[in-house]
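Below: the structure, in structure tokens.
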Amino acid sequence: MTNNTIETLQKNKDLYGSYESKEVITWCSGCGNYGIQNALKRAFTLENLDQKDVVLCYDIGCHGNGSDKIDAFTIHGLHGRVISLAAGVATANPKLNVIAHGGDGGTLSEGVNHLIHAIRSNYKVLFLHHNNSNYALTTGQPSSTTPLGQPMNSAPDGVYIDPLNPLDLVLSLNPGFVARTFSGDINHMTEMFRKGLNHNGFAFVEILQVCPTYSRTLTKEWYTERVRDLAENSDYDPTNLEQAKKVASEIEKEIGIGLIYHNPERKEFTDLLPNRQGVETAPVEEVKRMNIQNLLKEFE
Ligand code: SF4
Ligand code: MG
């Protein structure tokens with residue numbers, strides 16, 4: 001972290017503190033969610049974002065238990081449906097900073113359709129993909145990112161099916177913004193979250209998240225030995241899709257973290273809609289001008 005960043009955080013400690021919640025935290029000791037929540041609050045502070053301008057949407061999962069551990073406008077929705085919730089908020093009020101959290105279970109199985117169409121539609125949402133390689137909330141069943149052969153609850157002899165690499169999937173869908181970060185590095189996460197908040201479109205950030213309780217081989221040490229910051233490689237060009245795909249697929253010996261792919265040319269969803277061009281107001285403001293009482297009466 002640079003001296004400037006530390007100074008800004010210290011100067012704005014009241015803003016950071018405004019996101020603090022008094023709710024009792026229930027995550028296990030050593031869980032990656034602690035660092036993620038901390039990095040998120042730092043990112044909001046460094047971007048000078050007031051609580052009223054932020055909406056956080058949570059899927060079902062251990063990360064979702066963080067929905068009341070941050071003092072902000074939050075929505076805790078149904079399993080696998082968080083992207084549609086967030087897309088609705090972002091479309092209704094494009095002036096907000098909308099952040100969606102989803103795990104590897106909900107995002108790549110129950111809700112994978114929403115992920116695909118959110119990338120296509122390019123809603124302005126920062127999506128934090130908590131990839132801890134298992135269904136942790138329901139006590140450690142395998143997900144689509146659990147390593148092959150890994151014994152888990154409900155798969156005691158090991159997983160028989162090859163895992164899915166989330167970034168291979170995302171990079172095949174013509175995305176605008178793709179990053180990868182690690183829950184053991186708060187500074188790196190903070191920088192990736194800030195970049196994602198400043199992207200005008202769907203920003204996909206995969207977080208390699210440790211779950212010491214159920215994902216016992218993918219430990220903090222295992223990741224720390226392998227992660228390499230792409231920012232230290234001057235030859236890496238995040239606008240080069242082929243380079244991005246290569247980095248995304250290499251996850252055994254070394255794992256590249258950082259801004260993996262950026263295509264600022266892709267238009268955000270609202271900018272694609274002919275009837276929204278030149279409109280200064282947000283749909284959420286326009287709806288206040290209409291009397292919908294008669295319509296509502298039809299459903300009484
Ligand atoms: Fe965190 Fe895993 Fe515990 Fe869930 S089960 S709180 S993901 S360490
Ligand atoms: Mg998970």
Side-chain angles (χ1 to χ4, degrees), residues 21 23-41 56-70 74 76-83 85-86 99-115 118 126-156 158-159 161-170 179-186 189 204-224 251 255 257:
S21 157
E23 295 298 321
V24 177
I25 289 182
T26 52
W27 293 316
C28 312
S29 171
C31 177
N33 279 313
Y34 292 99
I36 296 168
Q37 195 93 306
N38 190 340
L40 196 54
K41 287 187 279 191
L56 292 145
C57 306
Y58 290 81
D59 209 283
I60 300 298
C62 288
H63 70 273
N65 288 348
S67 63
D68 60 353
K69 314 299 183 297
I70 187 163
T74 62
H76 197 169
L78 298 175
H79 199 197
R81 310 299 160 215
V82 72
I83 291 177
L85 269 179
I99 298 97
H101 296 257
D104 40 306
T107 306
L108 298 173
S109 291
E110 289 84 354
V112 70
N113 50 340
H114 300 302
L115 174 67
L126 166 59
F127 182 63
L128 304 183
H129 180 49
H130 294 241
N131 184 4
N132 61 9
S133 298
N134 79 102
Y135 282 88
L137 187 71
T138 49
T139 70
Q141 292 77 26
S143 73
S144 49
T145 62
T146 307
L148 187 69
Q150 175 69 41
M152 301 293 292
N153 287 342
S154 84
V159 176
I161 310 169
D162 271 328
L164 199 152
N165 179 331
L167 294 195
D168 283 346
L169 172 67
V170 168
R180 183 158 58 196
T181 185
F182 167 46
S183 69
D185 188 339
I186 293 181
M189 284 191 288
F204 184 94
V205 180
E206 180 190 15
I207 307 166
L208 303 169
Q209 180 177 339
V210 294
C211 167
T213 304
Y214 296 115
S215 190
R216 296 191 193 101
T217 54
L218 302 176
T219 61
K220 187 174 179 187
E221 293 69 30
W222 190 92
Y223 279 121
T224 304
I251 50 172
I255 305 175
I257 57 169

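These numbers were taken from a predicted model, which means no experiment stands behind them. Ligands are counted one by one from 1 in listed order, and the atoms in each one are counted from 1 as well.
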ask   = What protein heavy atom is closest to atom 3 (Fe) of ligand 1, reported as residue, atom name and distance in Å?
value = Cys28 SG, 2.3 Å
message = Can you give me the closest heavy-atom contact between His101 and Leu56, atom names plus distance?
response = NE2-CD2, 3.8 Å
query = Does Ser143 bring an N, O or S atom to under 2.8 Å of the Mg ion (ligand 2)?
reply = no
inquiry  = I'd like the atom name of the N/O/S atom in Asp104 lying closest to the Mg ion (ligand 2).
reply    = OD1
query = Looking at Tyr214, which atoms of ligand 1 are within less than 4.0 Å of one of its heavy atoms?
reply = 5 (S)
key: Under 3.5 Å donor-acceptor, Asn153 side chain and Thr139 backbone   = yes
ask   = What are the two closest heavy atoms between Thr146 and Met152, and how far apart are they?
value = CG2-CG, 3.8 Å
query = Which protein heavy atom lies closest to atom 1 (Fe) of ligand 1, and at what distance to 0.1 Å?
reply = Cys31 SG, 2.3 Å
query = the Mg ion (ligand 2) to Asn132: any N/O/S contact under 2.8 Å?
reply = yes
task = Between Asn132 and ligand 1, find which residue part has any heavy-atom pair under 4.0 Å and reply side chain, backbone, both or neither.
result = side chain
message = Is the shortest side-chain heavy-atom distance between Leu167 and Ile251 below 4.5 Å?
response = no
query = Which heavy atom of the protein is the closest neighbour of atom 2 (Fe) of ligand 1, given with residue, atom name and distance?
reply = Cys211 SG, 2.3 Å
ask   = Do the side chain of Asn134 and the main chain of Asn132 share a donor and acceptor less than 3.5 angstrom apart?
value = yes
message = I'd like to know: is atom 4 (Fe) of ligand 1 within the 2.8 Å range of an N/O/S atom from Cys62, strictly under that distance?
response = yes
